[in-house]
Protein chains: 2
Amino acid sequence: MALALVDEIGRDAFSMRKLGAELGVDPMAVYRYFDDQEALFDGIAEAIFAELDVDTLPWDGPWRDLVEQYSVRLRDALLAHPHAVAIFATRPLRSPAAIATGVRTVELMTGAGFAAGDALRILRCLREFTVGHALGLAVLRLGGRRRSRKPAPDAPEYNLLARGADEADDGDHFAPGLAAMLDGFADPAGRSGDARAPRPPRT
Amino acid sequence: MALALVDEIGRDAFSMRKLGAELGVDPMAVYRYFDDQEALFDGIAEAIFAELDVDTLPWDGPWRDLVEQYSVRLRDALLAHPHAVAIFATRPLRSPAAIATGVRTVELMTGAGFAAGDALRILRCLREFTVGHALGLAVLRLGGRRRSRKPAPDAPEYNLLARGADEADDGDHFAPGLAAMLDGFADPAGRSGDARAPRPPRT
DNA sequence: AGAAAGAGTCTACGCTGTAGCCATGACTTC
DNA sequence: GAAGTCATGGCTACAGCGTAGACTCTTTCT
């Protein structure tokens, strides 16, 4: 499986020839099933999307729970394949399954009173934040090269950034960020109203 | 200039040899200045960051204006180089200039009452959303291949997603998303009133 | 004067994506 | 059974890639 090989050796080291070798098959045989490497990467993106298992999302609950769950699952699925996040992030993903999920979500949100355009805007924001987060985190975790060499707490150049980095883990801002964005969308005028899921306390 | 060449022919078509040809120089000459292609791409990312011209940001105003301006400028700079967005998004950017900007921003936010860790979390969220947005948009705009073939409004398969896409342009959700996230961070308890008051100290 | 450093060039190696053509076996249609 | 079609995989070959290593030429420092 192409995704597994990318997970193992990374996107840069990946090649059609190695994929063929992994499958015990001539490299050119892969081209029977995919037009070219781009198409194969499209398949990888779809495979990651399939791991979301969108059917088991809380489709019957409030829209906020649904999109929050969706975002968390997407994040987790992406971080499970750090070497493939960039592949996922750099293509549109117009597979029927993805489109169907999008339609279903917009339907649910229009049912909750959103205009279709507004619903789509919110979903795009969430997706972009989630993908951006996963990509940034994957890059950080993989980028083994020269590590950040953060100054020690008693060093003179120990600045606020370093202290902030000590206080904040690399990935623990996703849930707060997601909640903040949803809060902002749910309550755009600052008025409190109907559905406001209780936010998990930060830290 | 490497960035200009990437802008022109795209990242995939880019090669050290073509860069050398563009500069009217032997391809290997580039290796005098950059260890390898990765280091050169690091330089491209730094060049994009330099275009932000962070010194002219509203450093004397409220933190929210600052980070909002910063995000908008980052988005604009990235979208000005659609072929290079993926390059920017897939490396950590630890240049001195970028670190100094981060330190300065965190300083301003702690001055406004934030804990350093919380400030850093907020900045990370904004950066990830911004980069994710620019990347998604660049991919959409460049991905010429099979266009989306959205169904016509009177076609039977004209669904809510298509209607949403008609109502919402590709890129017009960035400002609302940014505002929503900032609203959410400024008013984390969901209570209306004097927004943008930082949270009481954590733990 | 010589030494050292910097800049650019040339060659070569192992790797890449993939076009084109051929071999094989299974299945369909007479 | 015979003949044709089709899916699958193998092999070869080509143009291009990143870059290691050794070389030359020019400028600057002592």
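Since the structure is predicted, the reported quantities are computational estimates derived from the model, not experimental observations. Below, chain A is the first sequence line, B the second, and so on; all start at residue 1.
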Between B/F14 and B/F41, does the ring centre distance come in under 6.0 Å?
yes
Interatomic distance where CZ belongs to A/R32 and C1' belongs to C/dC21 [whole Å]
10 Å
In this structure, how many angstroms lie between the P atom of D/dG9 and the CZ atom of A/F34, rounded?
12 Å
Generate the contact string for nucleotides 12-21 of chain D. Rules: B means base contact, S means sugar-phosphate contact only, - means no protein heavy atom under 4.0 Å.
-B---BBBBB
Roughly how far, to the nearest 0.5 Å, is the OH atom of B/Y33 from the CG atom of B/L40?
13.0 Å
With sequence neighbours excluded, what pairs up with A/R73 under the side-chain hydrogen bond (donor to acceptor under 3.5 Å, both in side chains) test?
A/T56
Distance test, side-chain N/O of B/Y33 to OP1/OP2 of C/dG8, below 4.0 Å:
yes
Between B/D118 (side chain) and B/R121 (backbone), is there a donor-acceptor pair under 3.5 Å?
no
Quick one: do B/D183 and B/R64 make a salt bridge, cutoff under 4.0 Å?
yes
